Amino acid sequence: MSAREERDALTLPPALYDRALHLLRESPDGLPPRRGHSLPGKAESAGPHLTRDEVRAAVRAALDPLPDDSPTLHHRFARLGVRDSHRHLIRSAVEELPLPEEERDTARALARQLTRTGTTAPAVTAGIALLIRVGESEDVPHLAALGVFRQLTGLAVNALDGLDRRSAAVVHLATFADDELRPLVRALRTGDEHAVLAEVTALPNPLHRVGARDARRIAEAAGLPELLERHPRDTALLAQAVSLLVRMGLSYDDPSHLLAYREALALYERVVTRAGLLPPSLDHHATLLSLALDMSSGSAALLDWPGDRRAALLDTLGRLLAEPRWASQTEIPESTAEQRRRAGWIRRTGRRPFTLPATAGRLRIEVVAGDPVDRDRVETRILVDGRPVVPALFSRGPANSPELVLEEGRLRAGPEPREVQLAEAGCTEGCCGALHVTIRRDGDQVVWSNWRRALPGSEEPAPQPAPYRFDAAAYDAEVARAETDRGWSWRVRTVARLIKAGLVAEPDLLSRWDASRGWISSSFDDRADTTVVTFWYVPGLASGNPDRPDSPLQFRWDIADDGTPPEAQAAAALLRLAGEDPKTYARVSGGTRERARELGYPWPDTW
């Protein structure tokens, strides 16, 4: 069939680009709704089901040779069974498409036809995917307009990232950002610097609801380093810049966003060297300390710092926060419970990122407790040659807690290889993966090898990092130091550790009540001054005849801090477990409603 016959065989609806422009004109503020507009849809005609490989092969066939115009590709896709639901496979197939230099102009011309006149999602997707490879600045407005469709936003942003980072950031924020950022997005769309400055400084501070992705996009869209350069004495802007950097480096978020932020080093330089302009306050002290922790042992340590500049900036922050006017902020009376927790965290943590140089020996283990207002997790950060291992190899979750990494000697190197989980995805390992390594002793060395970080559902295993080798004596000394370091801990966390140690030593304290130990830690909710003990109940467990062990009931016991030493609180808790059935004073917190009813326990109305 000729190209003309292929074109005549299709009756095509209006171009998606024209639809996008119409939707933007009709919007009162020129922005798409949150989560974007949906692509105009119609029921897909019945046809053979194609496998992933078959879809990729069909896309390659449709683009070989490159068609002369957009309607021809529409027809080829329709004939080969490439559908709207294949958008992600279309993108990956186009990414893998051989594109010799002599065909790049032809590919660019086709991509522009597809993005400007394409009428179906598969064709426009192919056009945007081609522009990721061959796009130029004149393509920016068209990509930005197509980004109003939620199904195309991510692809359009990826294409824009290579052409105009600010436009990419605005398109992302316009579609995905929370409602509290909408005034900023409107200002960014106008390009009015004074409006942008006003909206950046008006953002809530601290930005607790802003994740690493949005923080990076705000910084890119606003041109934050340049904005600070033009307004060097604006302390409200400076405070927001510090907060955005902290959000980009969140350990429980994706560190790749900080690492992908091209102006990260310039922004660190500006905020740290000007931090002394900020008025001393508890909030500012906490935010600057969070910044220092990330520079010392978090994802910021992976940036391409020149020479010893990271150490110099850390020294600047350390000297500033040690000044009496800053240190005294933790001693302000009549504060709220949240402020007291934050002040206690600063007193415990305030000098930790400054006690070691930014680059240390071969192995360094740092237990880092984050800002309690952010409810940051406690992490066991492992650095090799000054580089944190977890964010370098795994972006789906933070490093595991010391209870999971250091307790019971998990990092110790014995005669038999031991696999240790260093990090787990924020959801679960079964959902989004985890990072494991095997530790073994090899003569006078300790070897970390056989890294395992494959993601569930991925087609190929992740590349295998090279083994790490450590001097055994130095390794043993560093592990021993980290195991005994308790300076990061607070009262209820210490109580939890002591209770867990008591139950490990005397499991009969729970088994006598047909119970087994669950997780024991400090509370993660608003009851931050509470130790939480959980256990699983299975009738008949103590006698060796458990009834339905596959349907245990979980209980939770909250122990409020009474102000006495942690040792005394833990001893009292263990004594109570020894003499009184904990099911009489704990509450059901897991299992199933039906099982709770069977065993005669009330199911909680709220968790």
Side-chain angles (χ1 to χ4, degrees), residues 88 92 154 158 172 176 178 208-217 246-261 290 293-294 297-302 365-372 374-384 387-408 410-411 418-439 448-465 468 518-525 532 534 554 589-590 607:
H88 297 297
S92 62
N158 286 343
H172 167 85
F176 295 122
D178 286 341
H208 295 309
R209 295 179 60 189
V210 174
R213 184 192 302 270
D214 284 352
R216 167 196 162 194
R217 293 304 188 181
V246 169
R247 306 309 294 176
M248 278 187 255
L250 287 173
S251 62
Y252 55 80
D253 212 321
D254 186 345
S256 66
H257 295 296
L258 176 64
L259 303 179
Y261 178 42
S290 293
L293 287 167
D294 193 41
S297 59
S299 53
L302 296 172
I365 303 170
E366 287 294 309
V367 177
V368 174
D371 188 346
D374 263 339
R375 296 181 186 171
D376 279 352
R377 303 181 186 182
V378 180
E379 301 176 81
T380 308
R381 295 182 178 177
I382 297 171
L383 294 93
V384 177
R387 293 175 59 82
V389 170
V390 169
L393 299 178
F394 185 73
S395 63
R396 301 298 184 93
N400 280 342
S401 70
E403 289 85 354
L404 294 175
V405 177
L406 290 171
E407 285 192 7
E408 302 177 29
R410 288 184 176 88
L411 289 185
R418 179 206 305 269
E419 185 177 70
V420 179
Q421 186 194 81
L422 301 180
E424 183 179 15
C427 39
T428 63
E429 178 174 1
C431 179
C432 289
L435 176 66
H436 299 259
V437 67
T438 297
I439 301 173
W448 284 22
S449 60
N450 298 328
W451 296 88
R452 186 162 61 85
R453 52 179 177 149
L455 302 178
S458 62
E459 296 184 351
E460 297 180 1
Q464 181 73 206
Y468 292 155
W519 65 269
I520 302 172
S521 189
S522 53
S523 180
F524 295 109
D525 54 25
V532 179
T534 68
Q554 186 184 53
S589 61
W607 294 101

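None of the values given here were measured: they were computed from a predicted structure. Counting begins at 1 with the first residue of the sequence.
Between the side chains of E366 and S297, no donor N or O sits under 3.5 Å from an acceptor N or O.
Atom CZ of residue R213 and atom CZ of residue F176 lie 8.0 Å apart, to the nearest 0.5 angstrom. Rounding to the nearest 0.5 angstrom, the gap separating the CG atom in L258 from the CG atom in D253 is 11.0 Å. Rounded to the nearest 0.5 angstrom, L259 CG and D254 CG are separated by 8.5 Å. To the nearest 0.5 Å, the span separating OG on S299 from NE2 on H257 amounts to 11.0 Å.
Of all heavy-atom pairs between S522 and V532, the closest is C-CG2, 4.4 Å. When all heavy atoms of G397 and A423 are compared, the pair lying nearest together is O-CB, 4.4 Å. In plain terms, the two heavy atoms of V246 and S290 that are nearest each other are CG1-CB, 3.9 Å. Counting all heavy atoms, side chain and backbone alike, L302 lies closest to P388 at CD2-CD, 3.7 Å. Here the closest heavy-atom approach between residue P398 and residue V390 is recorded as C-CG1, 4.2 Å.
Within 6.0 Å of CZ in R410 there are more than 12 heavy atoms belonging to other residues, nucleotides or ligands.
Side chains of V367 and L406 form a contact here, defined as non-hydrogen atoms less than 4.5 Å apart.
Put simply, the side chain of R396 never gets that close to the backbone of G433: no donor and acceptor are under 3.5 Å apart. Looking only at distances, a side-chain donor or acceptor of R453 sits under 3.5 Å from a matching main-chain atom of L393. In this structure a side-chain-to-backbone donor-acceptor pair under 3.5 Å is present from T534 to W519.
Test N400, L411, L435, L404 against V420 for side-chain contact (heavy atoms from CB on, under 4.5 Å) and you get one pass: L411.
Using a 30° and 60° split on the angle between ring planes, W451 and Y468 fall in the perpendicular class, above 60°.
Residues passing the salt bridge (charged side-chain N to carboxylate O under 4.0 Å, His left out) test with E424: none are found, sequence neighbours excluded.
Remark: R381 engages E379 in a salt bridge, criterion side-chain N to carboxylate O under 4.0 Å.
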